[in-house]
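If you scroll down you'll find the structure; I have some questions about it.
Not measured: the values here are computed from a predicted model. Naming: A, B, ... by sequence-line order, numbering from 1 per chain.
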Number of protein chains: 2
Amino acid sequence: MSQENLKSILKSHELRITDCRLDVMQFFLNEKGALSQGDLENQFTQYDRVTLYRTLNSFLDSGILHKIPNETGTATYGLCHDTCSPDHHEHNHIHFKCNSCGQIECLDEKVVPKVTVPTGYKIDGVNMIVDGICATCA
Amino acid sequence: MSQENLKSILKSHELRITDCRLDVMQFFLNEKGALSQGDLENQFTQYDRVTLYRTLNSFLDSGILHKIPNETGTATYGLCHDTCSPDHHEHNHIHFKCNSCGQIECLDEKVVPKVTVPTGYKIDGVNMIVDGICATCA
DNA sequence: TTATAAATGCAAGTGAGTTGCATAAACTAT
DNA sequence: ATAGTTTATGCAACTCACTTGCATTTATAA
């Protein structure tokens, strides 16, 4: 994606334009899959780890990224749909985790299956984590 | 649940019978909802935190408990279905997280909705995290 | 009852993420 | 373009969840 497009994405989320943010943004767009703090640290040794943490958090707050629930204790992040805003996230995500390569992807399926919950419960959002083997590893 | 029943659960999972394991087991059965290490520490000040960690891990390994994916960096655990074993977990869980009280429950729904994944992908298991407001908080 | 294997407690260590503060860079209004 | 204001960065040090090593105690099996 062009530098100008990246800048306009940041601007539209009311974020100042910095090298670190542009680089991290580009990285997420290229990689497609989910990324962790560690991935960023490996990729961008020129930035301090704290700066990368803060970049992730500013992207989270502004609705550019979302956290993907997992059971490992290490946060992974994925790009939000265009419809996400700081106040209202598009909550219905489907994530696929490959048990072979460990890669996590956000699937583009627009349709999250219906769930039924006990009477009296109100559903805000649904997050699916599907695990298995991805096409590359199969 | 009776002390004898608790003991037979531990035995059937090839775990030695200790006070800590009996107490933690009973606690999970009473609480029904998901619990964290912190919950156990608050409840059982007589046991060292490391012992509680190790108790949780032995229950995980033997298929008594499963970890519930979340985005907080703090592990929460729930009782497995009877059909779980160390080697083969019943992977299709539905968890409900109340955004008001924070309580996490494992719903008993046997039917996890069908998901479609891209061609070439193989599904091992599906984990759903539904968030919203529980009946008590509504 | 004794031998053996595993569980416990304590101390210390790791790894992910956060906070405080000084400096540097990005935006705003002249 | 410039000066002033606001925000981002880097560094050091911190917190919190969780783990490991090792000596001691306890559970089980012979």
Nearest whole Å is fine: how far is C:dA16 P from A:E41 CD?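 Roughly 8 Å, once rounded to whole Å.
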Say you draw a straight line from CD of A:Q37 to CG of A:N57; how long is it, rounded to the nearest 0.5 Å? 9.5 Å
Does anything in residues 16-29 of chain A reach DNA chain D, meaning a heavy atom under 4.0 Å, and if so which residues?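 Correct list: A:R16, A:T18, A:C20, A:R21.
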On DNA chain D, does the nearest nucleotide to A:L52 precede the nearest nucleotide to B:Y77 from the 5' side, or the other way round? Give the residue.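 Mapping each residue to its closest nucleotide by heavy atoms, the 5'-most match is A:L52.
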Does B:L56 form a side chain to side chain contact (heavy atoms under 4.5 Å, CB included) with B:F28? I'd like the steps, not just the answer. CA-CA 11 Å; B:L56 286 171; B:F28 268 98; 3.9 Å; yes
Along DNA chain D, first and last positions that approach a heavy atom of chain A under 4.0 Å: D:dT6 to D:dA12
Side chain A:R21, main chain A:R16, donor-acceptor under 3.5 Å: yes
By the 4.0 Å heavy-atom rule, please label A:E14 as base, sugar-phosphate, or nothing. nothing
How about A:Q46: does its CD atom have over 12 heavy atoms from other parts shown lying under 6.0 Å from it? yes
Backbone of B:I129 reached by a side-chain donor or acceptor of B:H95 within 3.5 Å: no
Go through the N and O atoms of the side chain of A:R54 and the base of C:dG17, and report whether any donor-acceptor pair is under 3.5 Å. no
Working to the nearest 0.5 angstrom, can you tell me the gap between B:N5 CG and B:Q26 CD?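 Interatomic distance, B:N5 CG to B:Q26 CD, rounded to 0.5 Å: 10.0 Å.
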Without decimals, in angstroms, what is the distance between A:L40 CG and C:dG15 C1'?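 Value for this atom pair: 16 Å.
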Between P of C:dA24 and OH of A:Y47, the distance in whole Å: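 About 18 Å, once rounded to whole Å.
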First encountered from the 5' end of DNA chain D, between B:Q37 and A:L15: A:L15
Within this structure, what is the CG-to-P distance between A:D39 and C:dG15, rounded to whole angstrom? 16 Å
Going only through I, L, V, M, F, W and Y residues with side-chain contacts under 4.5 Å, is there a path from A:L15 to A:L40?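 Same cluster: A:L15 reaches A:L40 through Ile, Leu, Val, Met, Phe, Trp or Tyr contacts under 4.5 Å.
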Quiz question: by atom type and distance under 3.5 Å, do the side chains of B:D39 and B:Q43 form a donor-acceptor pair?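 Per modelled atom types, B:D39 and B:Q43 side chains form no pair under 3.5 Å.
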In whole Å, what is the span from the CG atom of A:N57 to the C1' atom of C:dT19? 12 Å
Does some side-chain heavy atom of A:F44 sit less than 4.5 Å from a side-chain heavy atom of A:C20?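 Heavy-atom side-chain distance check fails, nothing below 4.5 Å.
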